[in-house]
Amino acid sequence: MKIRSMKLREAHKSNGVSSYCTILWDLTAEHIVTASSSDASISIHDALLPSNTPRFLRNHRDGVTTLALSPNSSCLASGSSDRSVKLYKFPGGEFESNITRFTLPIRALSFNRSGTMLAAGGDDDGIKLINTIDGSVARVLKGHRGSITSISFDPKSEYLASVDSFGTVIIWELQSGTTLHTLKNISHNTPPDFTTLSALSWSPDGEMLAVSGLKNDVVMYDRDTAEKLFTLKGEHTQPVCFLAFSLNGKYISTSGLDKQVLIWDVAKKQDIERQKFEEVISCMTWKPHGNALAVIDVMGKYGVWDSVVPSSMSSPTEGGPTLDSKKSDGLLFFDEEEKEISTSGSMSDHGEEEDSFMNSEQPTRKRLRSFKYDEDSDDDVNDMSLLPKVESNKKRSTADVANMKNGKGTQTGVVAVTGPKMQEAFQPGVTPVQSGKRRFLCYNMLGSITTMEHDGYSHIEIDFHDTGRGPRVPAMTDYFGFTMASLNENGSVFANPCKGDKNMSTLMYRPFRSWANNSEWSMRFEEEEVKAVALGTSWVAAVTSLNFLRIYTDGGLQRHVVSLDGPVVTASGFGDELAVVTHSSPSLPSNEQMLEFRVLNVPNGTQSIRGKLALTPGSVLTWFGFSEEGQLTSFDSMGVLRVFSNQYGGSWFPLFSASKLKKKDESYWVVGLNKTNLFCVLCKSPDKFPQAAPKPVLTLLDLSIPLASSDLGAEALENEFILSNMHLSQIQRKIEEKEATGDDDTTSLEDEAFNIETALDRCILRLIASCCNGDKLVRAIELVKLLSLEKSVRGAIKLVTALKLPNLAERFNTILEERLLKEEAIETVCVNNTTTKTFVSPEIVKGQECVNEVQLTSPSFLKKKSTENSTNPKIGNKVVEVKEATKSESKGLVKKSSNGEVSQQRSTNPFVKSSNNQEKEKSSSVFDSLKKFKKNEK
């Protein structure tokens with residue numbers, strides 16, 4: 001029979017040298033992924049428009065030797081000769097993490113049915129079973145003598161099959177990690193250059209294991225007993241180097257070193273179609289829905305073979321695993337769940353009459369031939385019980401029987417499809433585990449704690465950024481496997497999760513200074529594990545998986561155990577305050593996390609703040625803590641930094657947005673912040689976190705509120721204006737808290753507030769100038785009402801006069817005059833306390849609390865008076881000298897207490913005059929000058 005070749009298109013350059021290439025088809029059949037062991041890049045092709053330029057992922061330093069897609073096609077894994085295994089988001093291709101490393105090249109990867117476990121193997125001695133959620137290595141399976149060339153998870157999630165370069169196949173039991181069956185020398189040896197590999201694959205129903213045989217054939221083995229069932233032997237003249245089952249298991253495709261690809265009917269044990277290629281096909285994948293097969297050869301050329309199965313036969317997806325599209329209750333039935341969900345999806349046959357996008361000739365049709373049996377096979381040809389069936393009559397596996405005896409059978413049960421995933425707990429300042437590399441257990445504004453595993457133990461070092469702020473702490477050996485830590489000036493706390501039944505979660509505190517020799521202490525937890533830790537002035541806190549908040553003293557005394565309302569996300573400490581973030585409810589269908597926070601005063605045992613935590617839609621919390629001034633702060637995965645303020649009843653305010661910087665190739669790993677800058681480590685894409693060695697360099701970014709584009713064109717001034725107001729509000733709150741506790745020592749805070757008011761006035765004056773230049777006069781009047789100091793108002797009058805805006809200058813003078821009149825009225829009421837002698841309407845003066853009743857436009861106008869303002873210049877002069885305001889002496893106010901006694905109260909009004917006659921005369925002269933000035937103006 002005449003065989004015509006199929007044209008392929010280049011995916012990877014080979015330079016004339018053969019290499020092992022991989023190809024995958026995603027669940028939607030919209031993307032084809034290819035890789036080559038001679039190319040460090042991964043190519044994501046548009047399967048619908050193959051002429052489009054593919055997307056390249058260049059994260060490996062050496063050739064990519066293997067690929068694997070998670071069952072739902074949301075995660076792509078790649079292994080390379082650079083000895084690393086990397087994870088990416090799919091189909092976007094965003095780099096996620098280096099999930100593990102080997103000492104030699106990787107050859108095989110495979111996801112389990114749920115996508116939560118990734119098996120990786122290669123030239124190293126052992127197969128790593130990696131938890132894809134947290135990146136931990138759950139188990140290492142050792143038993144092969146050669147390089148592992150192929151790995152396959154049992155669709156029923158009980159077994160794992162692997163084959164090495166010497167042709168030995170091992171079937172492992174996943175639950176115990178033990179070897180169930182070892183089949184030596186049943187497959188051909190792999191060539192030294194690894195351009196082709198020995199192959200194996202489970203059937204979609206999990207009842208058979210197909211292995212490339214020694215006699216240019218494919219041998220089928222029983223699932224439980226590993227007995228040889230039958231062989232598929234046709235017109236391959238050289239060994240089979242790759243095989244792949246169709247979705248429904250009715251067909252299997254095989255490629256050989258003879259450059260042929262054969263399609264087999266498994267039930268009839270016949271090859272029903274054949275295609276000849278110019279080079280050896282190293283990898284193949286069936287289309288998830290449709291009748292097509294994607295192939296790639298050892299020279300890096302790929303193509304799609306359409307209409308693989310003759311139209312007279314059933315489709316390769318007919319009867320395959322699929323979700324019942326008619327069911328709308330969101331439930332997945334047991335019988336459907338037990339099938340291989342990595343190939344599930346729409347099973348309608350859309351590929352019967354599709355044209356090949358490779359512009360290839362139609363493959364030749366081939367008459368069905370009788371099956372040629374293996375001469376050495378002992379199989380009974382007429383024994384039909386050995387053929388695969390839709391419903392297996394074999395006995396249940398050992399695990400199934402045990403589950404049924406324990407009442408855990410799931411024959412008629414249903415499994416609910418889970419919704420959006422809730423964010424896992426994390427510790428601020430921690431970097432993920434990287435095999436063979438040092439990583440951070442803690443990194444904050446004070447210092448860092450690093451760890452590195454060596455010979456089964458870890459070596460922990462503590463370093464301070466400023467050696468003068470902390471003592472020299474000797475390194476220690478970690479026998480517990482700590483994964484998180486927290487650091488302050490007094491000491492450090494460490495914790496680790498549970499590792500199996502015998503290794504309990506441990507919490508250990510290590511003080512830096514103590515008069516006692518044995519001041520270090522530790523706690524062990526049974527049936528719970530530590531999720532987050534925090535440190536304060538004289539306390540240690542740990543939040544566990546049972547939603548317990550456990551609080552200890554520095555000496556290890558157990559003080560409190562508090563039950564939280566939901567699963568913990570993270571925790572942070574500052575001085576006496578402990579902030580804890582928990583889930584308030586499950587995530588929304590839009591994938592928005594529902595988080596809440598609470599701030600506790602540990603020494604007092606009180607809760608000062610509680611509320612919802614604001615996040616950007618679709619993001620997760622990546623950092624949480626306090627600023628150097630003690631302001632609660634959060635940072636999410638969308639790059640938005642927020643601080644909590646008592647304004648508007650307690651709200652979150654965004655102070656930084658990475659999107660405003662428009663640097664998509666950079667991410668920001670937050671360390672801390674102060675009132676003006678964000679301290680972070682810049683990470684170039686695809687990295688999301690820094691390496692511990694060499695020590696990362698901190699970058700200072702200016703806090704910049706994500707403001708809308710203003711018609712004024714003064715975003716920098718508006719940003720400074722809002723930030724200064726927020727900082728001033730925070731200081732005023734601290735002053736109020738001190739006064740409420742009877743602490744009258746607020747001088748330093750008042751001085752700081754006065755300095756901020758002065759700087760804020762300068763910013764407002766520059767904004768007024770911008771408004772005048774931009775003809776925004778109404779906005780200029782709004783701004784002048786926010787000025788705090790009298791001298792600043794006079795400066796504004798001078799400014800608009802110089803800009804030749806007489807109407808605006810007159811309005812500014814009116815505002816200044818009204819303020820002075822109101823202050824004089826308040827002063828008179830406060831001194832006499834019983835008279836209602838006023839210069840304003842009676843609504844302004846309402847009672848004995850005179851100062852609190854004055855609500856000027858600027859909330860900080862009645863704070864302090866400059867010493868220069870005690871001798872005001874004559875307002876009759878149109879040019880008023882503007883100098884920087886200086887700090888004034890505090891004046892006294894007479895305030896009548898509830899028992900009728902008159903007490904002296906500290907004034908915060910910068911314009912309040914003293915009650916002696918000399919000051920009154922000066923004040924009246926100011927008013928006379930104002931009146932004369934207005935008459936002259938008119």
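Not measured: the values here are computed from a predicted model.
From D123, atom CG reaches atom CD1 of I106 across 8.5 Å, with rounding to the nearest 0.5 Å. Note that NZ of K612 and CD of E596 are 5.5 Å apart. Values are rounded to the nearest 0.5 Å. Atom OG1 of T616 is separated from atom CG of D636 by 3.5 Å, given to the nearest 0.5 angstrom. Separating the CZ atom in R139 from the CG atom in L129 is a distance of 7.0 Å, to the nearest 0.5 Å. Atom-to-atom distance recorded for L655:CG and N719:CG is 8.5 Å, nearest 0.5 angstrom. Between atom CG of residue L678 and atom OG of residue S627 there is a gap of 11.5 Å, rounded to the nearest 0.5 Å.
A 4.5 Å side-chain heavy-atom check between L57 and L76 finds at least one atom pair inside the cut-off. Between F440 and I449 the shortest side-chain heavy-atom distance does not fall below 4.5 Å. The shortest distance between side-chain heavy atoms of S80 and P105 does not fall below 4.5 Å. Using a 4.5 Å heavy-atom cutoff, the side chains of Q558 and Y552 are in contact. W652 is not listed as a side-chain neighbour of S645, based on a closest heavy-atom distance of 4.5 Å or more.
For K142, the NZ atom sits in a loose shell: 12 or fewer heavy atoms of surrounding residues, nucleotides or ligands are nearer than 6.0 Å. Residue-environment remark: CZ (R559) stays at or below the threshold of 12 foreign heavy atoms within 6.0 Å. Under a cut-off of 6.0 angstrom, the local environment of NZ in K89 is sparse, with at most 12 non-hydrogen atoms contributed by other residues, nucleotides or ligands.
Between the side chain of T132 and the backbone N or O of G115 there is at least one donor-acceptor pair closer than 3.5 Å. No donor-acceptor distance shorter than 3.5 angstrom exists from the side chain of D124 to the backbone of F102, with no hydrogens or angles considered. The closest donor-acceptor contact from the side chain of W623 to the backbone of G672 lies at 3.5 Å or more, if one exists at all. When atom types are taken as modelled, the side chain of S637 and the backbone of V620 share a donor-acceptor pair closer than 3.5 angstrom. Here the side chain of T450 pairs no donor or acceptor atom with the backbone of S448 at under 3.5 angstrom. Using a distance-only test at 3.5 Å, with no hydrogens or angles considered, a donor-acceptor pair links the side chain of D82 to the main chain of R61. Between the N755 side chain and the D751 main chain, a donor and an acceptor come within less than 3.5 Å of each other. Using modelled atom types, no side-chain atom of S619 and backbone atom of L615 make a donor-acceptor pair closer than 3.5 Å. Under the 3.5 Å distance criterion, the side-chain polar atoms of H60 are left unmatched by any main-chain donor or acceptor of R83. Put simply, the side chain of D478 gets close to the backbone of F480: a donor and an acceptor are under 3.5 Å apart.
F656 and Y668 have perpendicular rings, their planes meeting at more than 60° on a 0 to 90° scale where under 30° would count as parallel.
Ion pairing of R598 with D565 is present here, as a side-chain N (NZ or NE/NH1/NH2) and a carboxylate O approach within less than 4.0 Å.
Two rings, from Y443 and H465, have their centers less than 6.0 Å apart. Taking the centre of each ring, W669 and F689 stay at or above the 6.0 Å mark. The aromatic ring centres of F626 and F644 sit 6.0 Å or more apart.
Each of E528, E527, K531 was checked for a side chain to side chain donor-acceptor pair (under 3.5 Å) with T544, and the lone residue meeting it is E528.
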(request) Dump the intermediate steps for salt bridge (charged side-chain N to carboxylate O under 4.0 Å, His left out) on E520 and R510, then the final yes or no. (result) CA-CA 5 Å; E520 181 181 301; R510 196 179 184 194; 3.7 Å; yes

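Side-chain atoms of K128 and T100 form a donor-acceptor pair, as typed in the model, at a separation below 3.5 Å.
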